[in-house]
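Below: the structure, in structure tokens.
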Amino acid sequence: MEEKKRERYVQFVKQCKTMMISTINDHGEPFISYAPFVIDESHFYIFISRTAEHFQYMERNERVSVLLIADEATSTNLFARERVRFTCKPTHIGNNGNDHIFAKFEDIHGKPMIRLLRSIDFSLFQLTPMEGRYVVGFGQAFDVDLNGERFTHVIVDKNEEGRLEGQ
């Protein structure tokens, strides 16, 4: 049963093309945005504009959170949408010497679009996942790594009244 969930997780990550990105702005307040991404060797890569607010916040923060989430239109229960969240270390790597990453962007997001973005102010960030949590339904949460090699069911203890401990 757990192996099927792991396979579902791996397929879910492969089908996602964009991620929500949570950073902290210059005033210490949360800031959320999104970006298309590709995966290469256990890292996410995003290609974003240098003038975008989240570019600056990514450079200034040691950690960011990212969320991949199933489409509302295809989810049977909006309280338990399939999703995976990662805490990541962002590294601005620039555009030089990353042709294999750009080739992946072209394959997934289209050659004309990526060529256009490369001609303006866009630049690459590498996001290194530190920890992740995959949720596929009620009571079905797993601590994961990006490739699904780590896949541990999360068990939450409840007291006799059915409340989660600590509430």
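These numbers were taken from a predicted model, which means no experiment stands behind them.
- A donor-acceptor contact closer than 3.5 angstrom links the side chains of Glu82 and Tyr134.
- Between Arg115 and Lys111, the closest side-chain pair of non-hydrogen atoms falls below 4.5 Å.
- Considering only residues two or more places apart in sequence or on other chains, Lys104 meets the side-chain contact (heavy atoms from CB on, under 4.5 Å) condition with Val38, Asp40.
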Mind listing the side-chain donor-acceptor pairs of residues 10-19 below 3.5 Å, one per line with the distance, residues two or more places apart or on another chain?
none

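- Listed by chain and number, the residues in a salt bridge (Lys or Arg N to Asp or Glu O under 4.0 Å) with Arg85 amount to none (sequence neighbours excluded).
- Using a 30° and 60° split on the angle between ring planes, Phe47 and Phe102 fall in the perpendicular class, above 60°.
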In sequence, state the C-alpha distance, the side-chain angles, and the governing distance for Arg63 and Thr23, and then conclude on side-chain contact (heavy atoms from CB on, under 4.5 Å). CA-CA 8 Å; Arg63 298 285 183 268; Thr23 58; over 6 Å; no
Would you list the atom pairs, donor with acceptor, under 3.5 Å between side chains in residues 65-75 and any protein atom, with sequence neighbours excluded?
from, atom 1, to, atom 2, distance (Å)
Asp71, OD1, Ala73, N, 2.8
Thr74, OG1, Asp71, O, 3.3
Ser75, OG, Asp71, O, 2.8

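- Across every non-hydrogen atom of Asn61 and Pro90, the tightest pair is O-CG, 3.3 Å.
- Residues meeting the side chain to side chain donor-acceptor pair (under 3.5 Å) test with Ser49, sequence neighbours left out: Thr51, Asp121.
- With sequence neighbours excluded, the residues satisfying side chain to side chain donor-acceptor pair (under 3.5 Å) with Asp26 are Arg60.
- With sequence neighbours excluded, the residues satisfying ring pair (Phe, Tyr, Trp, His ring centres under 6.0 Å) with Phe44 are Phe37, Phe86.
- With hydrogens and angles disregarded, no donor-acceptor distance shorter than 3.5 Å links the side chain of Glu106 to the backbone of Pro112.
- Annotation: side chain of Val135 is not in contact with side chain of Val84 (no heavy-atom distance under 4.5 Å).
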Under 3.5 Å, which donor-acceptor pairs link side chains of residues 138-152 to any protein atom two or more places apart or in another chain?
from, atom 1, to, atom 2, distance (Å)
Gln140, OE1, Lys5, NZ, 2.6
Asp143, OD1, Arg133, NE, 2.7
Asp143, OD1, Arg133, NH2, 3.0
Asp145, OD1, Asn147, N, 3.4
Asp145, OD1, Gly148, N, 2.8
Asp145, OD1, Glu149, N, 2.8
Asp145, OD1, Arg150, N, 3.2
Asp145, OD2, Arg150, N, 3.2
Asn147, ND2, Ser42, OG, 2.6

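- Looking only at distances, no side-chain donor or acceptor of Asp107 sits under 3.5 Å from a matching main-chain atom of Phe105.
- Between Arg6 and Glu3 there is a salt bridge, since a side-chain N of the basic residue sits under 4.0 Å from a carboxylate O of the acidic one.
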Enumerate donor-acceptor pairs with a distance under 3.5 Å from any side-chain N or O in residues 122-129 to protein atoms, sequence neighbours excluded.
from, atom 1, to, atom 2, distance (Å)
Ser123, OG, His92, NE2, 2.6
Gln126, NE2, Tyr45, OH, 2.7
Thr128, OG1, His43, ND1, 3.1

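- Residues passing the side chain to side chain donor-acceptor pair (under 3.5 Å) test with Arg83, sequence neighbours excluded: none.
- Ser33 meets the side chain to side chain donor-acceptor pair (under 3.5 Å) test with His54; sequence neighbours excluded.
- Closest heavy-atom contact between Ile21 and Ala35: CD1-CB, 3.8 Å.
- Looking at heavy atoms from C-beta onward, Val136 lies out of side-chain contact with Tyr9 at the 4.5 angstrom threshold.
- The hydrophobic cluster containing Phe31, built from Ile/Leu/Val/Met/Phe/Trp/Tyr side-chain heavy atoms closer than 4.5 Å, also comprises Tyr57.
- A continuous path of Ile, Leu, Val, Met, Phe, Trp and Tyr side chains, each step under 4.5 Å between heavy atoms, connects Val64 with Ile48, placing both in one hydrophobic cluster.
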